[in-house]
Engineer: 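Pasting in a structure now, in structure tokens, and then I'll have a few things to ask.
All of these numbers come straight from a predicted model, not from anything done at the bench. Numbers restart at 1 for each chain; the letters A, B, ... are given by sequence-line order, proteins then strands.
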Protein chains: 2
Amino acid sequence: MAKADFSPIADTTRRAEIVALLRRAILTGQLAPGQKLNELRISEQMRVSRAPLREAMRELVQEGILTSIPYAGTFVIEVTAKDIDDAYSFNKVMDELAIERAWPLRDQRFFDELDRRHEAVKQATRALDTTRQIETALQLHGLIYEWADNSVLLETWQRLTSRLQMYFALHQHARNEPVPAEDVHETYVRLLKGKDMRAAQRHAREHINLDFEELLAYARGLEQRPSRGA
Amino acid sequence: MAKADFSPIADTTRRAEIVALLRRAILTGQLAPGQKLNELRISEQMRVSRAPLREAMRELVQEGILTSIPYAGTFVIEVTAKDIDDAYSFNKVMDELAIERAWPLRDQRFFDELDRRHEAVKQATRALDTTRQIETALQLHGLIYEWADNSVLLETWQRLTSRLQMYFALHQHARNEPVPAEDVHETYVRLLKGKDMRAAQRHAREHINLDFEELLAYARGLEQRPSRGA
DNA sequence: TCTTGTTAGATTGTCGACAATCTGCTTGTC
DNA sequence: GACAAGCAGATTGTCGACAATCTAACAAGA
């Protein structure tokens, strides 16, 4: 018998599609932090009733990128410098754990997938697609979590990813600068292929460090002159 | 002007109450792992329409104690030995981080709260209320997370807590043994009050270790003869 | 006997309408 | 002019009914 190996059927509920649409809108900055989500307006735009929309919003609230106040509304989360700092220090520890756990499990499939994702980042960079660049970079980074063989660790990373993507997108959006041409992930990939685990951990920490420092500086600047959301 | 210091108004939506009810039912084992939640039946029992019930379920799905399959139903998550093991090793690392961050922030209020929660555990133990004992023990343990001053860390702990409570409740429920009389938290509290951070971290790890080992043994036993959920 | 097609029942997903609540403005009073 | 009460509009929360989908039982054919 031939091995079929089908992938799961796509979620065919409106709710799932709404979740995807909303998440994308938030993570790309189409919906600004603090902005209120008007249920009636959105449901009309999407040609959907409020029921599945509200369920979708409830999911995103639990996912941590929306916040809800009864009888007042649902809003995109505000981003403070402390939020970013908290995510940063938490991520550092998680990364060490993920690398430690994934390390002995690295195999050819791991290296292939690593190259594939690295290539995706480079492609997005060449295409000057900043949104996709952030997305692919996070996916590259997420590989060690997928390989660490720990469901809780992976789940936590995925939750954090949403917010990280939002933070970086905000940053990019604000600076509106062209994407750096040099490949900042070259060393990271090389170390993950190497034999020195501690070195990989150290680099992951320091590499993250740089990205976050910029983010933090940006966020701190924002808090001097707080702007109203939409 | 007198300092008011009011606590937040209770959530007055049905949805919030349904979430609380369902969560409690799951965490105390009233709803067994794998069991399906029939929307019509539950909504009739609670005298509520399906809309807020479904929204509540969506939240609990994101919280990780329910799982949903489109057009098939929503189920209480199954508990495998690996799930417990994953939670365990993740918790170890998180604990070290929490203690490290909370350590320099300990003050009189911290110590008071520590004693208060410790007292709550002892009281539940005396009352032979196993459910409450698990709950209070987790709250005692959660203090370091609340004090660590990191929103992401705290949030992650709270998410994990739900599942931990479920695991331990299942265990207790299965053994149906009287609660241990000796106070296993005495040392933990004493070390958190002391001056040796590494010792506190070490104890936290080893103390957790014992509880988890039992849990794991139980879960592994379960997997030899898997039982259908209701 | 095994497989395939059909059908009835139950359950989930979605919709449109109504009720409860909030917000801002107007009005009246001092 | 300041302030409280009350009203109108908009928005969220909830409800009951309908549509889409799944499951299991049954029948028909090879």
Engineer: Without decimals, in angstroms, what is the distance between Ile42(B) CD1 and dT11(C) C1'?
Structural biologist: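 These atoms are roughly 13 Å apart.
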Engineer: Please tell me if Arg50(A) has a side-chain N or O lying less than 4.0 Å from either OP1 or OP2 of dG16(C).
Structural biologist: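 So the side-chain polar atoms of Arg50(A) never come under 4.0 Å of the phosphate oxygens OP1 or OP2 of dG16(C).
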Engineer: Hydrogens and angles aside, do Asp112(A) and Gln108(A) bring a side-chain donor and acceptor to less than 3.5 Å of each other?
Structural biologist: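 Present: a donor and an acceptor within the cut-off.
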Engineer: With heavy atoms under 4.0 Å as the rule, sort Leu53(B) into base, sugar-phosphate or nothing.
Structural biologist: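 It contacts nothing in the nucleic acid.
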Engineer: At under 4.0 Å between heavy atoms, what does Leu37(B) touch on the DNA or RNA strands: base, sugar-phosphate, or nothing?
Structural biologist: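 Result for Leu37(B) = sugar-phosphate.
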Engineer: If you compare every side-chain N and O of Arg14(B) against the phosphate oxygens of dC15(D) (OP1, OP2), does one of them come in below 4.0 Å?
Structural biologist: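 Looking at the OP1 and OP2 atoms of dC15(D), one of them is under 4.0 Å from a side-chain N or O of Arg14(B).
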Engineer: Taking the nucleotide of DNA chain C with the nearest heavy atom to each, does Ala51(A) or Ala72(A) sit closer to the 5' end?
Structural biologist: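 Its nearest nucleotide being more 5', the pick is Ala51(A).
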Engineer: Rounded off to whole Å, could you give me the OH-to-P distance for the Tyr71(A) and dT14(D) pair?
Structural biologist: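 Result: 5 Å.
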Engineer: Are Glu155(A) and Arg159(A) ion-paired here, with the side-chain N under 4.0 Å from a carboxylate O?
Structural biologist: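 Judged by the 4.0 Å cut-off on N to carboxylate O distance, Glu155(A) and Arg159(A) do not form a salt bridge.
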Engineer: Expressed as a whole number of angstroms, how long is the span from Leu40(A):CG to dC22(C):P?
Structural biologist: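 Distance, rounded to whole Å: 20 Å.
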Engineer: In whole angstroms, how far is the P atom of dG13(C) from the CZ atom of Arg54(B)?
Structural biologist: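 Spelled out: CZ on Arg54(B) to P on dG13(C) is 4 Å.
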Engineer: Would you call Arg23(A) and Glu59(A) a salt bridge, using N to O less than 4.0 angstrom?
Structural biologist: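 Answer for the salt bridge query: no.
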Engineer: Mind calculating the distance between CD (Glu17(A)) and P (dA20(D)) to the nearest angstrom?
Structural biologist: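 Distance check: Glu17(A) CD to dA20(D) P gives 16 Å.
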Engineer: Using the side-chain contact (heavy atoms from CB on, under 4.5 Å) criterion, which residues pair with Val48(A)? Sequence neighbours excluded.
Structural biologist: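 So Val48(A) forms a side-chain contact (heavy atoms from CB on, under 4.5 Å) with Arg14(A), Ile18(A), Met46(A), Pro52(A).
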Engineer: Is the ring pair Trp157(B)/His141(B) parallel, tilted or perpendicular, if the boundaries are 30 and 60 degrees?
Structural biologist: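 Plane angle between 30° and 60°, so tilted.
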Engineer: Take atom CD of Glu55(A) and atom C1' of dC15(C), then tell me their distance rounded to the nearest Å.
Structural biologist: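 Going from CD in Glu55(A) over to C1' in dC15(C) covers 12 Å.
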Engineer: Is the distance from OP1 or OP2 of dC15(C) to the nearest side-chain N or O of Ser49(A) less than 4.0 Å?
Structural biologist: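 Answer yes for this pair, as a side-chain N or O of Ser49(A) is under 4.0 Å from OP1 or OP2.
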Engineer: Could you tell me the separation between the CE atom of Met46(A) and the C1' atom of dT14(C), rounded to a whole number of Å?
Structural biologist: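 It is 15 Å, rounded to the nearest whole Å.
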Engineer: If I take atom CG in residue Asn38(B) and atom C1' in nucleotide dG13(C), what distance separates them, rounded to the nearest angstrom?
Structural biologist: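 Spelled out: CG on Asn38(B) to C1' on dG13(C) is 14 Å.
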